[in-house]
Amino acid sequence: MCEVGLDITDRYAARGRLSLLSRASGGIGTTLDVRRTGEDLAGLVVPEFADAITVDVLEPVLSGQEPPSVGLGTAPELRRVAHRAHDEAAGGVADAVHDARLRCLSGAASLVDPATGALVVPLTARGVVLGVAVLVRTAPRDPFDTDDMAVAGELVSRTAVCLDNARRYTREHATALTLQRDLLPHGLPRPTGVEIAHRTCPRRDRPASVGTGTT
């Protein structure tokens with residue numbers, strides 16, 4: 001009689017990574033909302049892939065603008081759109097890697113913070129850095145390896161494209177509302193012997209419209 005033992009840990013981990021990427025296709029970017037998109041990523045990776053994650057975008061992104069490039073020594077305004085932690089310790093680490101965030105933004109490249117082991121990945125879409133995601137693992141989970149970094153890069157890259165789509169939608173929607181407001185009547189003629197009043201009503205099927213009719 002003989003016994004043969006096979007270590008399938010790597011195979012199991014690889015299968016898990018493929019499953020995660022597959023679910024990301026339909027789970028990230030379900031809406032054209034910047035904050036919701038960040039939450040989509042956070043909900044996907046915690047606790048299955050990481051113990052904590054933060055997603056921060058540069059402030060102009062929230063208003064639909066294209067953010068400027070971030071150089072060394074600058075202090076960009078970041079706005080948090082998602083934060084999820086499996087435990088308090090991991091959440092504290094994700095909040096503490098401020099310098100690593102700045103290095104990632106200025107270099108537009110992923111890095112591992114040497115002090116905490118946190119993986120910091122830029123949110124880059126169409127050559128523009130929109131923000132940064134920080135993923136954290138704590139013991140007894142193994143640190144991020146090369147394969148994990150590749151998966152994280154793919155997940156964050158998909159998220160960045162969805163964030164950019166949401167940013168563009170926000171900008172175009174704001175432009176459309178401005179144009180609608182400009183088209184509204186600012187006054188009415190006052191013919192002799194006639195009293196005129198008007199009221200602008202949005203269409204019921206388009207509640208976000210400014211004005212599509214007058215009475």
Side-chain angles (χ1 to χ4, degrees), residues 17-46 48-50 52-84 94-95 97-113 118-137 144 146-178 208:
R17 295 186 190 102
L18 289 175
S19 174
L20 190 66
L21 290 173
S22 177
R23 283 181 281 121
S25 299
I28 296 177
T30 55
T31 66
L32 288 171
D33 181 87
V34 171
R35 296 185 182 276
R36 177 63 182 274
T37 300
E39 287 290 347
D40 288 342
L41 175 63
L44 185 69
V45 303
V46 176
E48 180 177 343
F49 184 74
I53 183 174
T54 59
V55 181
D56 299 275
V57 298
L58 293 165
E59 187 175 30
V61 173
L62 292 176
S63 59
Q65 304 304 310
E66 185 170 306
S69 59
V70 178
L72 287 172
T74 60
E77 292 289 335
L78 288 169
R79 293 292 178 263
R80 182 147 299 171
V81 296
H83 182 195
R84 185 167 298 197
D95 285 330
V97 291
H98 179 68
D99 290 342
R101 281 190 181 90
L102 295 182
R103 294 199 307 272
C104 176
L105 287 169
S106 60
S110 300
L111 59 90
V112 175
D113 181 55
L119 177 59
V120 190
V121 187
L123 289 154
T124 305
R126 301 178 179 92
V128 178
V129 178
L130 305 175
V132 60
V134 176
L135 296 87
V136 174
R137 285 181 177 176
F144 294 104
T146 303
D147 291 333
D148 292 328
M149 293 176 66
V151 171
E154 178 64 23
L155 292 173
V156 173
S157 177
R158 294 184 185 187
T159 303
V161 171
C162 295
L163 284 172
D164 194 50
N165 291 337
R167 177 190 69 81
R168 289 168 177 253
Y169 170 79
T170 300
R171 181 188 62 193
E172 292 169 3
H173 183 64
T175 301
L177 290 179
T178 299

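Predicted, not measured: the structure shown is a model, and the values here were computed from it.
Side chain to side chain, Thr54 and Arg84 fail the donor-acceptor criterion of an N or O pair below 3.5 Å.
Residues Val70 and Val129 fail the side-chain proximity criterion, which asks for heavy atoms closer than 4.5 Å. With a 4.5 Å cut-off on side-chain heavy atoms, Cys162 and Thr37 count as touching. With contacts defined as side-chain heavy-atom distances shorter than 4.5 Å, the pair Glu48/Leu20 qualifies. Contact annotation: the side chain of Leu130 never approaches that of Thr124 to less than 4.5 Å [non-hydrogen atoms, C-beta and beyond]. Put simply, the side chain of Val132 does not reach to within 4.5 Å of the side chain of Leu123, judged on heavy atoms.
When every heavy atom of Arg80 is checked against every heavy atom of Arg101, the shortest pair comes out as NH2-NH2, 3.1 Å. The shortest heavy-atom contact between Ala125 and Ala160 is CB-O, 3.5 Å. Of all the heavy atoms in Ala152 and Leu135, the pair that sits closest is CB-CD2, 4.5 Å. The two atoms that bring Met149 and Phe144 nearest to each other are CG-CB, 4.4 Å, heavy atoms only. Here the shortest heavy-atom pairing between Asp95 and His83 reads OD2-CE1, 3.4 Å. For the pair Pro67 and Leu58, the tightest heavy-atom approach, listed with the atom from each and the gap, is CB-CD1, 3.6 Å.
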side-chain contact (heavy atoms from CB on, under 4.5 Å) between Leu119 and Val134, worked out: CA-CA 6 Å; Leu119 177 59; Val134 176; over 6 Å; no
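Rounding to the nearest 0.5 Å places CZ of Arg23 at 9.5 Å from CG of Leu155. Going from atom CG of Asp148 over to atom CZ of Phe49 covers 4.5 Å, rounded to the nearest 0.5 Å. Annotation: the span from Gln65 atom CD to Arg168 atom CZ amounts to 12.0 Å, rounded to 0.5 Å. Atom CZ in Arg137 sits 12.0 Å away from atom CD1 in Ile53 (nearest 0.5 Å). Annotation: the span from Cys104 atom SG to Asp113 atom CG amounts to 11.0 Å, rounded to 0.5 Å. Put simply, CD on Glu77 and CG on Leu62 are 11.5 Å apart, with the number rounded to the nearest 0.5 Å.
When atom types are taken as modelled, the side chain of Asp56 and the backbone of Gly131 share no donor-acceptor pair closer than 3.5 angstrom. Put simply, the side chain of Arg126 never gets that close to the backbone of Asp164: no donor and acceptor are under 3.5 Å apart. The main-chain N or O of Pro60 is found under 3.5 Å from a side-chain atom of Ser63 such that the two form a donor-acceptor pair. Side chain of Arg171 to backbone of Glu66: no donor-acceptor contact under 3.5 angstrom is found. A donor-acceptor distance shorter than 3.5 angstrom exists from the side chain of Ser106 to the backbone of Leu102, with no hydrogens or angles considered.
Residue Val120 forms a side chain to side chain contact (heavy atoms under 4.5 Å, CB included) with just one option from Leu111, Val136, Leu105, Asp99, and that option is Leu111. A side chain to side chain contact (heavy atoms under 4.5 Å, CB included) with Leu163 holds for exactly one of Leu41, Val57, Asp33; it is Val57.
When the shell of 6.0 Å around CZ of Arg79 is examined, it contains more than 12 heavy atoms from other residues, nucleotides or ligands.
Ionic pairing of Glu154 and Arg17 is not present here: no N-O contact between side-chain nitrogen and carboxylate oxygen is shorter than 4.0 angstrom.
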